[in-house]
Amino acid sequence: MTLKGARERRVRTGGVDLCVAELGDPGQPTVMLVHGYPDSKEVWSEVAARLAERFHVVLYDVRGHGRSTAPRPLRGGFTLAKLTDDFLAVADAVSPDRPVHLVGHDWGSVQSWEFVTVGRTEGRIASFTSMSGPSLDHFGHWIGARVKRPTPGRVGQLLGQGARSWYVYLLHTPALPELAWRGPLGRRWPRILQRSEKVPAGDYPTSSLPSDAAHGAWLYRDNVRARLRRPRPDAYAHAPVQLITPLDDAFLSERLYDDLEQWVPRLTRRTLPARHWIPRTRPDQVSAWIEEFVTSVEGGRPAPVADGRHGDRFGGQLVLVTGAGSGIGRATAFAFAEAGARVVAVDRDAEAAARTAELSRLIGAADAWAETADVSDEHAMEKLAERVHRDHGVLDVLVNNAGIGLSGSFFTTTTEDWRRVLDVNLWGVIHGCRLFGARMAERGQGGHIVNIASAAAYQPSRALPAYSTSKAAVLMLSECLRAELAGQDIGVTAICPGIVNTNITATARFTGVDEAEESRRRQRSARLYGLRNYPPEKVAKAVLDAVAHNRAVVPVTPEARGAHLMSRLLPGVLRRVARVEPRL
Ligand code: NAP
């Protein structure tokens, strides 16, 4: 397999011939992608194609892999010193006058840590993006620190990583890995990757896999034991580093990077809910973060630092919030903005949406746009989805928040009242999930949908039949969708706020009373909500936490949490409370 549109050349170094592929304009900054184990440069095909639109992209098969030749003898042919020689030879061939931006995954990252921390490469590396592959020196010090001062937590970390490294022990056994890879394991590996890592089927891995994996065992044998036993004391990075940590990596604990700031003075952290093979499973996010990082380093600007709560998780992500012109929606847009996301603020009130977008930019959003749409209008929502997908791409996070209040007994609630509240509160959510969720699922790179329901979803009340019904439907829709999308790494959360001090009371409809009484009730409920004074910012925080931890149902205020517990343990009590007529 060759990479589509790539120009290939061979670089001779230290007795091996390296197969080097180039894409994009050589006049642009060079981004060099180094693959891991058991892989060849084709693991990068999706990321390389995206980056080639902006950069000169260079990939090479590590010695003994893909179409590069293997050293003879194999033993001692894969030391980090030799791999550093290879990197310098490729860098000199493809970018003799300018330092390169290095990107490594798995063992590609392990060896790139060596490149970026040894003196002889200084001036040749402009930046380094590391994914799922620690520095062996940092790892050695990490182990040493935990052995020297073994608190229960630190022993747990050691044991956890020790268990995740089971395959490293196996790779140190003689001949067995070679036999397995050239036999049944090599044949089954593509299916294993699809099942356990959710790597899409296709032309990856390539047919060289068995010999790549057999040769690559020497990467471990030549380096791991020696380095972990005697880590270099001066393994400091001489270029800015971006660390992308997949949170569900079966082979590496995120705790491994706890002490990284001591080795890397300029560190940007990114996390994403994914497994080990992110160049295959999350190419959009990975390329977007590389592009942002490389562009800022090239522009002489400080590399982006993940700010705000969950900045490492949401920085650069595309987030759309409906009903973002006020209350919980606006606060949620701001919280994502603070975390460095790209925010699309949607409201039926154009001015309010524009204000949210403008403030989001000031607060720290990577970018922000305002959109006007009535979520209950299917056609308007279709147009909105078309515009957003065309101009900004597929959403990473969708927050269906727009909603209206409606209070009054069942027999005073007209069909028109029912229609209005279901149209906005339920159909608005259905349109959002359908139009944006479908594209998320189609992209196949994960995402998250948040639906703002209410404590009224599980707490019955004689005064809120229509509103509670709409919210109960949103809660159940969220649960069903969560089950349906779990296999595609798309989380779905229902947020159940409770009483929150927003403008909702000013616009809520009260049925069965004349206008003067309706206005009096609005004022009175606004006063009550004001007295309770639970800020929408706390709901926004709950939204970000829920996405970060992929929670299913989140009651927010203490009373919402209490009612949630009662609905499970003592539903009879809630039923009795539901009979009480609220005095407004
Ligand atoms: P809010 O301050 O009134 O904000 C809601 C925003 O959504 C407003 O800007 C509103 O615009 C907009 N909106 C309403 N209908 C829309 C539509 N059809 N299309 C597009 N935008 C629309 O209310 P909130 O308290 O933040 O409510 C947000 C969500 O939280 C709602 O789903 C609500 O049911 C839920 N919730 C609120 C509470 C609470 O105590 N506040 C409790 C539980 C659940 P207009 O101003 O023009 O109406």
Side-chain angles (χ1 to χ4, degrees), residues 320-335 344-357 370-381 383-384 399-407 419-432 435 450-459 461 464 466-475 477-478 493-509 522 525-540 542-543 553-561 563-564 582:
L320 182 143
V321 184
T322 67
S326 164
I328 294 169
R330 177 170 272 179
T332 302
F334 289 168
V344 185
V346 181
D347 204 282
R348 62 179 168 194
D349 178 341
E351 235 173 79
R355 182 94 185 114
T356 300
E371 287 284 353
T372 315
D374 179 338
V375 296
S376 67
D377 179 343
E378 183 176 4
H379 184 63
M381 286 296 277
K383 291 268 164 237
L384 171 73
V399 185
N400 287 307
N401 161 77
I404 51 173
L406 178 79
S407 176
R419 259 194 209 110
R420 189 72 204 128
V421 79
L422 290 176
D423 276 354
V424 178
N425 291 8
L426 176 58
W427 276 102
V429 174
I430 295 174
H431 294 323
L435 294 161
V450 178
N451 296 326
I452 307 294
S454 166
Y458 47 77
Q459 182 177 7
S461 159
L464 296 169
Y467 181 78
S468 303
T469 301
S470 72
K471 293 299 186 180
V474 168
L475 178 58
L477 167 65
S478 309
T493 299
I495 300 279
C496 304
I499 293 174
V500 183
N501 192 11
T502 69
N503 214 26
I504 198 164
T505 42
T507 52
R509 164 130 176 72
R522 278 185 185 140
S525 53
R527 245 195 331 273
L528 288 174
Y529 275 53
L531 278 175
R532 171 70 184 86
N533 204 18
Y534 194 89
E537 289 74 20
K538 283 196 178 176
V539 184
V543 170
V553 179
V554 180
V556 184
T557 60
E559 62 272 15
R561 287 204 298 273
H564 193 237

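In each ligand, atom 1 is the first atom listed, and ligand 1 is the first ligand listed. The figures here come from the full heavy-atom set of this structure, side chains too, leaving out hydrogens, waters and symmetry mates. Bear in mind that the values here come from a model prediction, so they are computed numbers and not experimental data.
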- For Ala373, the ligand 1 atoms with a heavy-atom partner under 4.0 Å come out as 19 (N), 20 (C)
- Message: Regarding Arg522 and Thr505, do their side chains bring together a donor and an acceptor under 3.5 Å, going by distance alone?
- Response: no
- Short side-chain to backbone donor-acceptor contact, Thr493 and Val450, under 3.5 Å: no
- Query: Are Arg330 and Arg355 close enough that some pair of their side-chain heavy atoms sits under 4.5 Å apart?
  - Reply: yes
- Message: Quick check on contacts: which atoms of ligand 1 are under 4.0 angstrom from a heavy atom of Asp374?
- Response: 17 (C), 18 (N), 19 (N)
- Message: Could you check whether atom CZ of Arg509 has more than 12 heavy atoms from other residues, nucleotides or ligands sitting under 6.0 Å from it?
- Response: yes
- Message: When you compare the side chains of Ser470 and Asn425, does any donor N or O come within less than 3.5 Å of an acceptor on the partner?
- Response: yes
- for atom 46 (O) of ligand 1, nearest protein heavy atom and its distance come out as Thr507 CG2, 4.4 Å
- Task: Output yes when a side-chain donor or acceptor of Asn503 lies under 3.5 Å from a complementary backbone atom of Ala506, and no otherwise.
- Result: no
- Query: For ligand 1, which atoms, with element, lie under 4.0 Å from some heavy atom of Gly498?
  - Reply: 38 (C), 39 (C), 40 (O), 42 (C), 43 (C)
- Query: Based purely on interatomic distance, does Lys471 place a nitrogen or oxygen under 3.5 Å from a nitrogen or oxygen of ligand 1?
  - Reply: yes
- Query: Based purely on interatomic distance, does Val424 place a nitrogen or oxygen under 3.5 Å from a nitrogen or oxygen of ligand 1?
  - Reply: no
- Query: Heavy-atom distance to atom 32 (O) of ligand 1: which of Ile452, Asn401, Asp377 wins?
  - Reply: Asn401
- Message: Show me which atoms of ligand 1 lie under 4.0 Å from any heavy atom of Ile499.
- Response: 40 (O)
- Which atoms of ligand 1 are found less than 4.0 Å from any heavy atom of Ile404? 14 (C), 15 (N)
- With side chains defined as the heavy atoms from C-beta onward, is the minimum distance between Ile404 and Thr507 less than 4.5 Å? no
- To the nearest 0.1 Å, how far is atom 19 (N) of ligand 1 from its closest protein heavy atom, and which atom is that? Val375 N, 2.9 Å
- Identity of the nearest option to atom 21 (N) of ligand 1, non-hydrogen atoms only, from Arg348, Arg532, Arg420: Arg348
- Is there a donor-acceptor pair closer than 3.5 Å between any side-chain N or O of Asp374 and the backbone N or O of Arg348? no
- Message: Run Thr356 and Phe334 through side chain to side chain contact (heavy atoms under 4.5 Å, CB included) and show every step you take.
- Response: CA-CA 8 Å; Thr356 300; Phe334 289 168; 3.9 Å; yes
- Ser376/His431 under side chain to side chain contact (heavy atoms under 4.5 Å, CB included): CA gap, chis, key distance, verdict: CA-CA 8 Å; Ser376 67; His431 294 323; 5.7 Å; no
- Task: Ignoring hydrogens and angles, tell me if any N or O in the side chain of Lys471 forms a donor-acceptor pair with the backbone of Ile452 under 3.5 Å.
- Result: yes
- Under-4.0 Å heavy-atom contact with ligand 1, by part of Pro536 that carries it: neither
- Return yes when Ala453 approaches ligand 1 closer than 4.0 angstrom through a heavy atom, no otherwise. yes
- Within a distance under 4.0 Å of any heavy atom of Gly327, pick out the atoms of ligand 1 and give their elements. 2 (O), 26 (O)
- Item | Protein residue, atom and distance nearest to atom 40 (O) of ligand 1, heavy-atom basis | Val500 N, 2.8 Å
- Polar-atom distance check: Ile328 versus ligand 1, any N or O pair below 3.5 Å? yes
- Protein heavy atom at shortest distance from atom 1 (P) of ligand 1: Ser326 OG, 3.6 Å
- Side chains of Ser478 and Asn451, donor plus acceptor under 3.5 Å: yes
- Task: Write out the residue and atom name of the closest protein heavy atom to atom 27 (O) of ligand 1, then the distance separating them to 0.1 Å.
- Result: Ile504 CD1, 3.9 Å
- Message: Heavy atom to atom 11 (O) of ligand 1, shortest distance: which of Thr322, Thr505, Asp347, Asp349 holds it?
- Response: Asp347
- Item | Arg561 side, atom CZ; Thr557 side, atom OG1 - distance, nearest 0.5 Å | 7.5 Å
- Checking side chain to side chain contact (heavy atoms under 4.5 Å, CB included) for the pair Leu477/Ile430: CA distance, chi angles, key distance, verdict? CA-CA 8 Å; Leu477 167 65; Ile430 295 174; 3.9 Å; yes
- Contact check: Thr502 vs ligand 1, nitrogen or oxygen atoms, below 3.5 angstrom: yes
- ligand 1 atoms in contact with Gly323 (distance to a heavy atom under 4.0 Å): 6 (C), 7 (O), 12 (C)
- Message: Between ligand 1 and Tyr529, can you find any atom pair, the residue atom being a heavy atom, that is separated by under 4.0 Å?
- Response: yes
- Query: Which residue owns the protein heavy atom closest to atom 36 (N) of ligand 1, what's the atom, and how far is it?
  - Reply: Tyr467 OH, 3.6 Å
- Task: May I ask you to list the atoms of ligand 1 that are less than 4.0 angstrom from any heavy atom of Gly403?
- Result: 14 (C), 31 (C), 32 (O)
